[in-house]
Amino acid sequence: MPELSIAEVLKNYPLAVELKDRAFTLRPMVAEDGPALLAFAGELPPHDIMFMRRDITKQAGIDQWVRDLESGHIHSVLAEDEFGVVGYSTIHLNDLEWSAHVAEMRVTTADRARGLGLGRLLTREAFNIALSLGIEKVVARMTTDQTGARALFHELGFQNEALLKDHVKDRDGARHDLLLMACEVQSFLSTRNAYGVVN
Ligand SMILES: CC(C)(COP(=O)(O)OP(=O)(O)OC[C@H]1O[C@@H](n2cnc3c(N)ncnc32)[C@H](O)[C@@H]1OP(=O)(O)O)[C@@H](O)C(=O)NCCC(=O)NCCS
């Protein structure tokens with residue numbers, strides 16, 4: 001059984017944090033965040049959004065995200081600074097009965113907020129949510145040239161589990177290898193404080 005229910009985890013928000021003298025607020029995403037997320041996605045480097053599940057630079061992609069959120073298929077935590085959304089992490093549940101203990105995580109931060117520890121913090125929030133949902137294993141997908149993401153996940157205890165050759169095509173038609181990394185939820189949270197501490 002999960003240690004805390006999802007309702008109990010959500011009581012921790014909004015969470016005010018200071019990272020390298022910059023103030024951020026973390027909170028669960030709601031349907032009304034659609035326009036702010038569209039603006040956030042529009043500023044991301046194209047390579048960072050190339051292999052997303054949906055194109056969140058388009059209204060249709062944001063609408064699908066909101067529908068998935070409302071159906072409980074995904075759970076997203078947003079980070080904001082004084083100018084708007086600067087990052088998110090998302091836990092995607094899957095429909096496969098034989099794989100219900102596995103969820104996919106996505107985490108993305110804005111250029112202006114990178115290198116401050118926000119990606120690490122958003123990942124921890126995603127794991128707290130995963131734990132409350134009974135998820136045992138979290139996977140993340142990225143192209144092999146996403147060096148920042150690989151370094152972050154490796155530092156957090158993720159292991160490489162699969163490499164799919166030429167699996168992603170970018171908007172110019174070039175192919176990229178896709179790396180699947182994975183981490184057990186319990187081992188992640190046992191090496192990190194679940195609440196109250198940034199690291
Ligand atoms: C991956 C990503 C979320 C990291 O966000 P971030 O806010 O810059 O990450 P953090 O500041 O929390 O970094 C934590 C640690 O990860 C490692 N790291 C992060 N970015 C790195 C980079 N570009 N190069 C090397 N190490 C990096 C470092 O160990 C860092 O710790 P340190 O700064 O104390 O040395 C961000 O680069 C991003 O949005 N990338 C595009 C989307 C993506 O690929 N997402 C992953 C797939 S789901």
Side-chain angles (χ1 to χ4, degrees), residues 15 17-26 29 36-57 61-62 65 68 73-81 83-94 102-130 135 137-164 167-171 174 176-183 185 188-189 191-193 197-199:
L15 186 62
V17 293
E18 203 171 290
L19 300 170
K20 300 190 180 164
D21 295 328
R22 300 257 308 268
F24 299 100
T25 305
L26 272 58
M29 174 186 167
L37 280 163
L38 195 59
F40 164 77
E43 287 177 9
L44 288 172
H47 193 72
D48 290 355
I49 44 172
M50 156 177 94
F51 61 105
M52 284 190 171
R53 284 169 161 250
R54 55 188 76 91
D55 185 355
I56 61 166
T57 62
I62 296 286
W65 190 348
D68 286 347
H73 201 67
I74 69 174
H75 296 263
S76 298
V77 173
L78 303 186
E80 293 173 302
D81 67 5
F83 304 110
V85 173
V86 285
Y88 72 86
S89 60
T90 295
I91 287 288
H92 295 253
L93 305 180
N94 74 70
V102 181
E104 181 177 348
M105 183 190 69
R106 297 208 54 90
V107 54
T108 304
T109 55
D111 253 355
R112 72 174 188 273
R114 287 189 187 172
L116 302 173
L118 193 58
R120 188 190 285 128
L121 184 59
L122 283 165
T123 302
R124 188 200 67 183
E125 298 307 305
F127 269 83
N128 282 325
I129 287 174
I135 297 299
K137 176 180 174 177
V138 168
V139 300
R141 289 188 281 184
M142 68 216 72
T143 50
T144 47
D145 52 4
Q146 288 284 15
T147 46
R150 290 179 68 174
L152 169 65
F153 291 133
H154 186 70
E155 185 222 87
L156 292 173
F158 279 74
Q159 307 281 338
N160 294 356
E161 287 211 342
L163 182 68
L164 304 176
H167 208 69
V168 179
K169 220 179 220 187
D170 65 26
R171 281 161 201 167
H176 301 263
D177 295 345
L178 188 72
L179 176 66
L180 189 87
M181 297 182 84
C183 186
V185 173
F188 177 95
L189 292 173
T191 55
R192 286 163 190 277
N193 264 345
V197 179
V198 168
N199 288 312

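Just follow the structure's listing: the first ligand is 1, and inside any ligand the first atom is 1.
- When only modelled atom types and interatomic distance are considered, Asp170 and His47 share no side-chain donor-acceptor pair under 3.5 Å.
- Near Asp48, with a cut-off below 4.0 Å to any heavy atom, the atoms of ligand 1 are 41 (C).
- Per-residue contacts place Ala149 under 4.0 angstrom from the following atoms of ligand 1 (heavy atoms of the residue considered): 1 (C), 44 (O), 46 (C).
- Each of Asp145, Thr143, Asn160 was checked for a side chain to side chain contact (heavy atoms under 4.5 Å, CB included) with Arg150, and the lone residue meeting it is Asn160.
- For the residues Thr108, Val107, Thr109, Leu19, the heavy atom positioned nearest atom 5 (O) of ligand 1 is part of Thr109.
- Close N/O approach between Leu121 and ligand 1 is not found [any backbone or side-chain N/O within under 3.5 Å].
- Ligand-side atoms of ligand 1 in range of Arg120: 12 (O), 14 (C), 15 (C), 30 (C), 31 (O), 32 (P), 34 (O), range being under 4.0 angstrom from any heavy atom.
- Distances below 4.0 Å separate heavy atoms of Leu152 from the following atoms of ligand 1: 4 (C), 14 (C), 15 (C), 16 (O), 17 (C).
- Below 30°, between 30° and 60°, or above 60°: for Phe158 and Phe153 the angle between ring planes is between 30° and 60°, a tilted geometry.
- Numbered from 1 in the order shown, with element, the atoms of ligand 1 that lie under 4.0 Å from a heavy atom of Arg141 read 47 (C), 48 (S).
- Results of the side chain to side chain contact (heavy atoms under 4.5 Å, CB included) test with Phe24 over Leu78, Leu116, Leu15 single out Leu116 as the only residue that passes.
- Of the polar atoms of Glu155, at least one N or O is found under 3.5 Å from an N or O of ligand 1, judged by distance alone.
- Polar contact check, Met142 against ligand 1: no nitrogen or oxygen pair lies under 3.5 Å apart.
- For ligand 1, the atoms closer than 4.0 angstrom to any heavy atom of Leu116 are 11 (O).
- No more than 12 heavy-atom neighbours from other residues, nucleotides or ligands sit within 6.0 angstrom of CD on Gln159.
- Note on ligand 1: Ala140 sits outside its first shell, no heavy atom being nearer than 4.0 Å.
- Met29 has its side chain within reach of Leu37: a pair of non-hydrogen atoms, C-beta onward, lies under 4.5 Å apart.
- Counting non-hydrogen atoms of other residues, nucleotides and ligands closer than 6.0 Å to NE2 of His92 gives a total above 12.
- Interface atoms of ligand 1 facing Arg106, defined by a heavy-atom separation under 4.0 Å, are 48 (S).
- The distance from atom CG of Asp81 to atom OG1 of Thr25, rounded to the nearest 0.5 Å, is 9.0 Å.
- In terms of modelled atom types and a separation under 3.5 Å, the side chain of Lys20 and the main chain of Gly115 share a donor-acceptor contact.
- Between atom 19 (C) of ligand 1 and the options Gly87, Gly115, Gly148, the minimum heavy-atom separation is to Gly148.
- With hydrogens and angles disregarded, no donor-acceptor distance shorter than 3.5 Å links the side chain of Arg141 to the backbone of Leu178.
- Taking a 4.0 Å cut-off on heavy atoms, Thr147 fails to register as neighbouring ligand 1.
- Less than 4.0 angstrom separates some heavy atom of Gln146 from each of these atoms of ligand 1: 44 (O).
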